[in-house]
Protein chains: 2
Amino acid sequence: MTPPPQDARPSASPPAARMLDVAREAGVSAMTVSRALRDPASVSAKTLARINEAVARIGYLPNRVAGSLSSRRGNVVGLVVPSLRNSLFAETIQGVADILGNAHPLMIADGGYTLAGEEQAVAAFLAQRVCGVVLHNTRHSARTRALLRDAGIPCVETGNLVRDPIDMAVGFSNQEAGRAMTAHLIARGYRRIGFVGLPWRENDRAAERLAGYRAALAEAGRAEDAALIHQAAPGLASGGAALAALMALPTPPDAVFLSGDVLAAGALLEAARRGWAVPGQVAIAGSDDGELQSSLTPGVTTLRFPRHEIGRRAATMLLDRLEGRASGRAVLDLGFELVVRASA
Amino acid sequence: MTPPPQDARPSASPPAARMLDVAREAGVSAMTVSRALRDPASVSAKTLARINEAVARIGYLPNRVAGSLSSRRGNVVGLVVPSLRNSLFAETIQGVADILGNAHPLMIADGGYTLAGEEQAVAAFLAQRVCGVVLHNTRHSARTRALLRDAGIPCVETGNLVRDPIDMAVGFSNQEAGRAMTAHLIARGYRRIGFVGLPWRENDRAAERLAGYRAALAEAGRAEDAALIHQAAPGLASGGAALAALMALPTPPDAVFLSGDVLAAGALLEAARRGWAVPGQVAIAGSDDGELQSSLTPGVTTLRFPRHEIGRRAATMLLDRLEGRASGRAVLDLGFELVVRASA
DNA sequence: TTGAAAGCGTTACCAC
DNA sequence: GTGGTAACGCTTTCAA
């Protein structure tokens, strides 16, 4: 008798074991197995042992789909980010995943930097009956807000601090951050301070940073010079180009605050190539501290945002609500840090 | 009469609309609604219109949990990565997500660089009855392999090319890559070629690259010098330190291949700080091309891996199987590119 | 083209 | 402590 082929995939695999199979194997009812698995203490020690043996013997894996339907309670958490590629979001994602662990699987969708993309992702999550949602953003379409409000599940927005959250929010104030860095440059004695930011029409965080820059100038009684305000795409090369453009002005700046992505690092590399002394000829300040900014020479004076912690707190708030430890709206400001190095 | 509080969250929200509610609203049976939603063509135009109206009116969102249980077919795909933080994995994740779209929500778990972590993540996914799994790794525990084989769902391993996949695999050969870069350095006329890699005891990809380095030396009839082989943690600083260590040898190398992460960029920055001419005094080669390596001066000669495409192909293979367009095992080699710039 | 009945595998509820 | 029974909201199957 020849044995059947070993790896005839995708052969019809035997149907997965059910709870009833475990019950039979252990000589108890399905109900008892269910309880034993969810709350081992609610079952006698002997029964528990027999059930555990049976589970191991037949390789039983609980069916969470059936469980969720029956209990009307899911365990999956949904997370929407603008992009999966961006390492800044990756920090927050990791923070969320660290807290959730395997008990709360994480569904991640990429909303593609558009309100419509986010809305579709949220709708898809709700169809999967997620037990909570984390949004990496604080601007949403009206329908996104409505969907989430009506779903009756907890929702945490992360990122730019918001005054009117859908439900809960964790983040920091980009405006305050922009203001703080600009004030630092003013305090250091720089007279003509340039600003480079990501396209602020589409990006509320970038817009807030610019507002902070303006606020700081106004507070110091400085006039704003439109020629010193520059918009740049993300990327090292883009930061370098922006610095070059500002330095080509008839009256170039003596300091530039490049807010976002790795713009500041790009500017520093460009300055090195051009032989501009930093900070002697032009000071450079950035945002979003990372290994790159601290490893360059000179080190980049920058803002440090608690992105990982934001993820952890977002997940914690969600779990607290799911497990009844908290209720009601909440907005949590985790602040930021000004890291002063040699570049400014 | 005072209206009830507007945002009494978490107030008991009204139960979500069911298919039956849509059916009543549209004056048809639930069965007809089910069909209309999954295959609009199978229902008369008038009926379809009434159903769509009803869906919109009551804001119905299909319950995929119930649907999956009933049809015994899920739509969620599971993805396990060693870390969510690492931007290299982010490329592949994005590729997978791009192809899957919202029709196949993506569950992502972080296996934490350990076989046990991956195993737990896989078990959690199977409990959620995912319809397919993508693994960012080709080394697994015996139980991981067994679980996946018995689950009877498609599985794609990505990363280092593997000869014996659990089911399907997409990737490139790290050994070939290591060999190619080393051969390039030999062809350029470098005599003492150093190798710096990530800890190869725990990392099969790093081990393969080292094997490739050795193979290339052997092919060229060169003796291997253990002093020139260095292990380094990931990170810019680590790459700089590794280069410094090699350059401090009695007979320093004239070229160093730093394989992995941003080690090469760190080495280049270190060389700039120390005033070592690159490639005059020491040539530097790296791997994993990114904006950083191309933006530095000189540009880094490096290996480019199709990480985004690997994700896209992995997802495509999964969908092809799920939709019956393909069957059987498959191993896909997407190769790599040698990018020659000024540093080596 | 449409509908009724019978599950899918689990958990809630209530009895023993 | 344990077990029956009836959902959970949908899809499958079969009949009209």
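In what follows, chains are A, B, ... by sequence order, proteins preceding strands, each numbered from 1.
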Review point. Using a cut-off of less than 4.0 Å, is there contact between a side-chain N or O of B:Arg72 and OP1 or OP2 of D:dT11?
Key: no
Point to revise | Flag for B:His308-B:Gln94: side-chain donor and acceptor within less than 3.5 Å | key: no
Check your understanding: Are B:Val96 and B:Asp98 side-chain neighbours, meaning at least one heavy-atom pair lies under 4.5 Å?
Key -> no
Point to revise | OP1 or OP2 of C:dA12 under 4.0 Å from side-chain N/O of A:Ser71 | key: no
Exercise for review: Could you check whether B:Ser68 gets within reach of a base, just the sugar-phosphate, or nothing at all, counting any heavy atom under 4.0 Å?
Suggested key: nothing
Practice item. Would you please classify the geometry between the B:Phe89 ring and the B:His136 ring as parallel, tilted or perpendicular, with 30° and 60° separating the classes? Key: perpendicular
Exercise for review: Choose from D:dC8, D:dT2, C:dT2 the nucleotide whose nearest atom is closest to any side-chain atom of A:Val43.
Suggested key: D:dT2
Check your understanding: Does a distance-only test, which skips hydrogens and angles, find a donor-acceptor pair under 3.5 Å between the side chain of A:Arg35 and the base of D:dG3?
Key -> yes
Check your understanding: Under 4.0 Å between a side-chain N or O of A:Tyr60 and OP1 or OP2 of C:dG9?
Key -> no
Check your understanding: B:Asn63 CG to D:dG9 C1': how many Å, rounded?
Key -> 6 Å
Practice item. For A:Gln128 and B:Asn63, test the side chains for any donor-to-acceptor distance below 3.5 angstrom and give the result as yes or no. Key: no
Practice item. Looking at every strand, decide which applies to B:Arg64 at a 4.0 Å heavy-atom threshold: base, sugar-phosphate, or nothing. Key: nothing
Practice item. Return the 5'-most residue of the pair B:Ser70, A:Val33 with respect to DNA chain C, ranking by each residue's nearest nucleotide. Key: B:Ser70
Review point. How close or far is atom P of C:dT11 from atom CG of A:Asn75, stated in whole angstroms?
Key: 11 Å
Point to revise | Closest to side chain of A:Thr32, choosing from D:dT2, D:dT11, C:dG9 | key: D:dT2
Check your understanding: Between D:dT12 and B:Arg73, is there an OP1 or OP2 to side-chain N/O distance shorter than 4.0 Å?
Key -> yes
Check your understanding: Under 4.0 Å between a side-chain N or O of A:Ser29 and OP1 or OP2 of D:dG3?
Key -> yes
**Study point:** Spacing between A:Arg24 atom CZ and D:dT2 atom P, to the nearest angstrom
**Key:** 19 Å
Review point. So what does A:Val65 hit on the nucleic acid, given a heavy-atom distance under 4.0 Å: a base, only sugar-phosphate, or nothing?
Key: nothing
Revision key, fill the gap. Taken to the nearest whole Å, CE/B:Met19 to P/D:dA7 is 20 Å
Review point. What is the distance, rounded to the nearest whole Å, between atom CE of A:Met31 and atom C1' of C:dT11?
Key: 6 Å
Point to revise | Rounded distance in Å - CG (A:Leu37) to C1' (C:dT11) | key: 12 Å
Review point. Any chance the side chains of A:Asn137 and A:Glu157 put a donor and an acceptor closer than 3.5 Å?
Key: no
Check your understanding: Do A:Ser34 and A:Arg38 have side-chain atoms, one donor and one acceptor, less than 3.5 Å apart?
Key -> yes
Review point. Quick one: on DNA chain C, does B:Leu69 or B:Thr47 contact a more 5' nucleotide (nearest heavy atom)?
Key: B:Thr47
Check your understanding: What's the CZ-C1' distance between B:Arg129 and C:dG9, to the nearest Å?
Key -> 9 Å
Point to revise | Protein-nucleotide distance (B:Leu126, atom CG; C:dG9, atom P), rounded to Å | key: 16 Å
